[in-house]
Peer 1: 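First, the structure itself, so that you have it in front of you.
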Protein chains: 2
Amino acid sequence: MNSARRPTIYDVAREAGVSKSLVSLVLNGSDLVSPAKREAVKAAIERLGYRPSRAAASLAAKRTRAVGLVIDDFRNPWYVDVLHGLQRVLEPEGFHIAVREHRGDAGGNAIEGFLSTQVDALVIAAEPGHDHGPLGVPVVVSGWRLHEVAGADIVSTDELQGMRLALGHLFGLGHRRIGHVTGTGGSALGRLKAYRGWMTEHRLTPEDAGAENDTNEEGGYLGARELLRANPDLTAVFAANDTMALGARAALRELGREVPGDVSLVGFDNSQLAQSRFLALTTVEAHTFRVGEVAGETLLARLRGDDGAPRRTVIAPELVVRSSTGRSGA
Amino acid sequence: MNSARRPTIYDVAREAGVSKSLVSLVLNGSDLVSPAKREAVKAAIERLGYRPSRAAASLAAKRTRAVGLVIDDFRNPWYVDVLHGLQRVLEPEGFHIAVREHRGDAGGNAIEGFLSTQVDALVIAAEPGHDHGPLGVPVVVSGWRLHEVAGADIVSTDELQGMRLALGHLFGLGHRRIGHVTGTGGSALGRLKAYRGWMTEHRLTPEDAGAENDTNEEGGYLGARELLRANPDLTAVFAANDTMALGARAALRELGREVPGDVSLVGFDNSQLAQSRFLALTTVEAHTFRVGEVAGETLLARLRGDDGAPRRTVIAPELVVRSSTGRSGA
DNA sequence: CTGAAAGCGCTTACAG
DNA sequence: CTGAAAGCGCTTACAG
């Protein structure tokens, strides 16, 4: 274990009785190597407990084989399926995915951080904070964002379609007085616009609240409370995401409204929370695993030299009906 | 932006009119540098948009300035405060914390992965999977675990004390028939033993269920259902963690029990879920931010050469009373 | 496939 | 503080 020195590629070459170059070829999965030699090298690696030095490999090859994933908040597990989708596509290609929280432009600027570490590519699943010029590596932005990254490809759920599914579901259940709880950020703003558009299109009156609130449980609570005080006759509440719906649920209980008896409640994301038996929230599944996979495939193409114009890929969402919605009593 | 070549330390030295060695000293925060020269170098770095190469620095210095945090599951945000505590202590010292999921011994072995990347130290906040020999870098293990890592320091909440606080709270409210919902893993096992010990000590009959279940919402639901079917007269249910308590809450509702009217419910972790208005769960705050800080301080000491015997540090927990517990009606 | 060689961009003594 | 030098452990052509 604690040998004097970690074995290097030289030790492996000597042990296997081959050249140093050959070891490097084996490590990089080249097919120019005969099976016999390949096995000899692998056996030597095994015997010596050799681990390649990432630092040396990165320095020599001028690439790190690391891809950065920038997220808003580790506490909001929305990003986990994106991560797993990226891993499914990129790990077999030898890439590792590193995750960082983007905590504003202050201290923890994750984008800057990743560029210093020299990731080979970047997936931004958070508000970028401000417009960015070209970052020097392939970038995929995921979701509706307030700011742009020059030259980035975009992969996201078809949120407009998700909104239509959710609102159409409520409409089909007889609801006509449908309120919306919104919050700050590009994602909530996009959903708010979609909500207003859909309502107007269907000759219904849009009623929303909470544009200044955070898009968390507290924001959902405050927004729903405001919304229902101003519009006591609402029969359905649509929150901009599942966590906000949890807050809205508390506001509804506080106001003495049964769900779904008096008011139907809908979220967005199909989070674990929505899936829990206790909340059993009707929501929109955004297929973020697929978003991650497509983001990974897009980056792979870029890393292989594809320099076409930025692309936008849209993934179809799906409505998941649970017991938080029911027929309108009105 | 897209200059022909990234600037190196040579370019900075030329731009600042100093030697290459001096630039390196400034980058590493040495105090052997005069303020004037330091400023000159910083200005040059700014002008050139210079970013040090982590790969080159790691290779030359034989350390990466990276610390790995091994977690069980990105979906269970239990670890987030540990991460933030580590960051608070280690980032000012120039370290970056990388997080990986430990998905069994198969594919995603995070411990192996980190050793390949050559982290300078490791924090294991997950089940290690099997006993490990010395890993070659300083290691802190957090929490009650089934397996050991040779030579590792241990930092964790005083879970025994946490259990006493929660059970004492229920006892003080008049509860005598208190059941426990448990699950797999070292953490749940430790809590189960503590529960049984406390109950016996107080001449009460321990009743538990779910030892084979996952420690998630589903496990909490199944365990609580089994527990209450076997012991319909329980007046309080103590789940091994908050997420399991969420599942237990659904089981209670399904069985027609009001919380806290018929049955009081307690969790463990003081997660966001417990804090939500809708669940408002009485639980144990484990002060995991502090656990992260102490883990960081411990690693720092080890990296500075402290080679004393492995230490065990214990952080005092705190009971958080919310509306899921009340006086026993019995 | 081999083998000698250059080079990636830093850090680390070391003599001055 | 400077400056020349060695070296970290790889990758990458390149001539054979």
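To find a chain, count down the sequence lines: A is the first, B the second, and so on, and within it residues start at 1. For the numbers below, each heavy atom of this structure counts, side chains included, while hydrogens, waters and symmetry mates do not.
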Peer 1: Both distances below 3.5 Å, Watson-Crick or wobble geometry, any strand: find the nucleotide opposite C:dA15.
Peer 2: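 Across any shown strand, C:dA15 pairs with D:dT2.
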Peer 1: Expressed in angstrom and rounded to an integer, what is the separation of B:N28 atom CG from C:dT12 atom C1'?
Peer 2: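 Rounding to the nearest Å, CG of B:N28 and C1' of C:dT12 are 10 Å apart.
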Peer 1: Pick the nucleotide of DNA chain D nearest each of B:A56 and B:K37; which residue has the one closer to the 5' end?
Peer 2: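 Of the two residues, B:K37 wins.
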Peer 1: Without decimals, in angstroms, what is the distance between A:Q118 CD and C:dG9 P?
Peer 2: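 One finds 9 Å between P of C:dG9 and CD of A:Q118, rounded.
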Peer 1: When you get a sec, tell me which of C:dG9, D:dT2, D:dT11 is the closest nucleotide to the side chain of A:I9?
Peer 2: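 Closest nucleotide to the A:I9 side chain: D:dT11.
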Peer 1: Nearest whole angstrom, please: distance from the P of D:dT12 to the CG of A:L27.
Peer 2: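 Rounded to the whole Å, the gap is 12 Å.
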Peer 1: Strictly below 4.0 Å, N to O, side chains only: are B:E39 and B:K42 in salt-bridge contact?
Peer 2: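 No, this pair does not count.
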Peer 1: Would you say that A:F74 contacts A:V99 through its side chain, given a criterion of any heavy-atom pair below 4.5 Å between the two side chains?
Peer 2: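 Yes, close enough: below the 4.5 Å cut-off.
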Peer 1: Which nucleotide sits closest to the side chain of A:L59: D:dT11, C:dC8, C:dC10?
Peer 2: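 The listed nucleotide nearest to A:L59's side chain is C:dC8.
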Peer 1: D:dG3 phosphate, OP1 or OP2: any side-chain N/O from B:R14 under 4.0 angstrom?
Peer 2: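 No, no such contact exists.
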Peer 1: Measure from the side-chain heavy atoms of B:K62 and tell me the nearest of D:dC8, C:dG9, C:dT11.
Peer 2: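 For the B:K62 side chain, the nearest candidate turns out to be D:dC8.
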Peer 1: Taking for each residue the nucleotide of DNA chain D bearing the nearest heavy atom, is the 5' side occupied by A:A55 or by B:L22?
Peer 2: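 Of the two residues, B:L22 wins.
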Peer 1: What contact category does A:K20 fall into here, base, sugar-phosphate, or nothing, at under 4.0 angstrom with non-hydrogen atoms?
Peer 2: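 If one applies the 4.0 Å heavy-atom cut-off, A:K20 turns out to touch a base.
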Peer 1: Scan B:R38 against the nucleic acid and name what it touches under 4.0 Å (heavy atoms): base, sugar-phosphate only, or nothing.
Peer 2: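 Counting heavy atoms under 4.0 Å across all strands, no contact is made by B:R38.
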Peer 1: Think A:Y10 has a side-chain N or O under 4.0 angstrom from the OP1 or OP2 of D:dT11?
Peer 2: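 No.
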Peer 1: Any idea which of D:dT11, D:dG3, C:dG9 is nearest the A:S24 side chain?
Peer 2: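 Taking heavy atoms from C-beta onward, the closest nucleotide is D:dT11.
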Peer 1: Quickly work out the A:L25 CG to D:dC10 C1' distance and round it to whole Å.
Peer 2: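 To the nearest whole Å, that distance equals 13 Å.
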Peer 1: Within the structure shown, what part of the strands sits under 4.0 Å from A:S21 by heavy-atom distance: base, sugar-phosphate, or nothing?
Peer 2: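 If one applies the 4.0 Å heavy-atom cut-off, A:S21 turns out to touch a base.
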Peer 1: For A:R51 and D:dC10, is the shortest distance between a side-chain N/O and OP1 or OP2 below 4.0 Å?
Peer 2: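 Negative; the distance criterion is not met.
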Peer 1: Would you mind classifying the nucleic acid contact of A:R54 as base, sugar-phosphate or nothing, using non-hydrogen atoms under 4.0 angstrom?
Peer 2: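 Since no nucleic acid heavy atom lies under 4.0 Å of A:R54, the category is nothing.
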Peer 1: In whole Å, what is the span from the CG atom of B:D120 to the P atom of C:dT11?
Peer 2: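 From B:D120 CG to C:dT11 P: 14 Å.
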Peer 1: Distance criterion of 3.5 Å, no angle test: do you see the side chain of B:S19 paired donor-to-acceptor with the base of D:dA4?
Peer 2: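 Answer is no: no donor-acceptor pair is held.
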Peer 1: Which nucleotide sits closest to the side chain of A:Y50: C:dC10, D:dC10, D:dG9?
Peer 2: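 Within the option list, the nearest is D:dC10.
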Peer 1: Do B:R47 and B:D11 sit within salt-bridge range, that is, some charged N less than 4.0 Å from a carboxylate O?
Peer 2: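 Looking at B:D11 together with B:R47, the answer is no, because their closest N to O distance does not fall below 4.0 Å.
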Peer 1: With a distance cut-off below 6.0 Å to the six-membered ring centre and an angular limit of 45° from the axis, does A:R6 pair with A:Y50 as a cation-pi contact?
Peer 2: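 Pair A:R6/A:Y50 does not count as cation-pi.
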Peer 1: So do B:R312 and B:S156 actually touch side chain to side chain, heavy atoms under 4.5 Å?
Peer 2: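 Contact flag for B:S156/B:R312 side chains = yes.
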